[in-house]
Amino acid sequence: NEGGVDTDALTVTIFNADPVLGAVSGATTANEGSAVGFSTSATDLGLNDVLSFAWGWGDATPPGSGASSSHTWADEGTYTVTTTVDDGDGGSDSVTRTIAVANVAPTLSGTCPASAAEGTAAGFGVSAADPGVGDTLSWSVTGSSSATVGPATGASSAVGWTPTYAEAQAGTVSLTVSVGDGDGGSDVLACTVPVAYLDSDGDGMPDTWEGQNGLYVGANDAADDPDADGVSNLDEWQAGTDPQASGAPSAPTLANPAAGAEVASVTPMLSWINSTDPDGDA
């Protein structure tokens, strides 16, 4: 009608549009125990939507948040990182990527003894650091039958070692302490230790050698000569000879004429059996 007004109602339904994640930046490889950073962005048609981000790390730890986040993996392996954006209106978008986390070898520390003595405890402590929280560290020691390490597992241990007479004779002992993480990673501590003889009476001769050769342990008998060969105990030790067995040469003996025999000549030809020396000396 002329001059009239006509109206009609129109209902418009606006549907939410999902946000769209952009590229996710961050490493695809990492080491256990080291933090790795990631970041992303997203677009959303809803001008009033508030976007929130979540990061799933592929392990048992809580998710991260924010457009940028970081994570530290406690053990080696291949993990799936899931990045999700949510617009608060039921719309979301997710992307996944994998990251290869490598094992890191433990680092061993300890102080080798500067010297050691036969029959005297010369143990020392060792410890190891490993970024792999799930790794079980194990210990071993080589180089001496008298060396042990314990406890066998754990972040710290102790080397027990009492050098033997044979090791004192060798002069030095090379000990190698090893720690392994069970995943192929290891570290070693190498010790080269001078070993001295035990000489409690200070006479220059090892107690063990004196005991083996019937000498006095606890008294200075370096100058004694029990086998009466003119060589002192100390010289016998230094020469590697037996202090209880004479090293003196035998006396030469008459071969002809026989002792007590009658001879026709007042100037008989004499012959004798040469002396011998038990040590082979000239």
Side-chain angles (χ1 to χ4, degrees), residues 108 110-126 139-152 157-178 188-260 270-282:
L108 190 158
T111 302
C112 300
S115 61
E118 169 204 354
T120 304
F124 55 98
V126 287
W139 297 89
S140 64
V141 60
T142 59
S144 171
S145 60
S146 64
T148 60
V149 63
S157 191
V159 176
W161 178 45
T162 301
T164 65
Y165 177 63
E167 290 172 337
Q169 287 179 303
T172 59
V173 171
S174 296
L175 296 177
T176 301
V177 186
S178 303
V188 299
L189 175 67
C191 300
T192 300
V193 186
V195 180
Y197 290 105
L198 179 63
D199 180 16
S200 60
D201 51 17
D203 59 7
M205 300 176 295
D207 290 357
T208 301
W209 183 83
E210 290 191 78
Q212 290 174 345
N213 289 277
L215 304 181
Y216 302 106
V217 177
N220 189 335
D221 53 353
D224 293 353
D225 182 15
D227 57 8
D229 61 358
V231 182
S232 69
N233 288 333
L234 180 60
D235 289 339
E236 297 266 23
W237 149 246
Q238 292 172 340
T241 54
D242 188 345
Q244 302 292 356
S246 175
S250 63
T253 57
L254 182 65
N256 187 64
L270 300 179
S271 64
W272 61 90
I273 300 171
N274 283 338
S275 63
T276 59
D277 188 82
D279 302 325
D281 295 333

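Heavy-atom basis, side chains included; hydrogens, waters and symmetry copies ignored. For reference, positions follow the sequence shown, starting with 1.
Contact of the Trp161 side chain with the Val173 side chain is registered, since non-hydrogen atoms from C-beta on lie closer than 4.5 Å.
For the residue pair Leu108 and Val177, the shortest heavy atom distance occurs at CD1-O, 3.7 Å. Nearest heavy atom pair, residue Ser144 against residue Leu175, reads CB-CD2, 3.6 Å. Between Glu210 and Met205, the shortest heavy-atom contact is OE2-O, 3.4 Å. Residue Ser174 comes nearest to Thr192 through the heavy atom pair OG-OG1, 3.6 Å, listed as atom of the first residue, atom of the second, then distance. Between Pro163 and Val195, the shortest heavy-atom distance links the atoms CB-CG1, 3.7 Å. The two atoms that bring Ala196 and Ala168 nearest to each other are O-CB, 3.8 Å, heavy atoms only.
Distance alone, capped at 3.5 Å, places no donor-acceptor pair between the Thr176 side chain and the Thr142 backbone. One N or O on the side chain of Ser157 and one on the backbone of Pro151 form a donor-acceptor pair closer than 3.5 Å.
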Result block: side-chain N/O donor-acceptor pairs under 3.5 angstrom for residues 220-227, not counting sequence neighbours:
residue	atom	partner	partner atom	Å
Asn220	OD1	Ala222	N	3.2
Asp221	OD2	Tyr216	N	3.0
Asp225	OD1	Ala228	N	3.3
Asp225	OD1	Asp229	N	3.4
Asp225	OD2	Asp229	N	3.1
Asp225	OD2	Gly230	N	2.7
Asp227	OD1	Asp229	N	3.4
Asp227	OD2	Ala245	N	3.4

Which donor-acceptor pairs under 3.5 Å do the side chains of residues 110-125 make with protein atoms, sequence neighbours left out?
residue	atom	partner	partner atom	Å
Glu118	OE1	Leu198	N	3.0
Glu118	OE2	Thr208	OG1	2.3

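Distance CG/Asp203 to CH2/Trp237: 11.0 Å, rounded to 0.5 Å.
Residues Ser146 and Thr162 have side chains that never bring a donor and an acceptor to within less than 3.5 angstrom of each other. A donor-acceptor pair shorter than 3.5 Å cannot be found between the side chains of Trp209 and Asp207.
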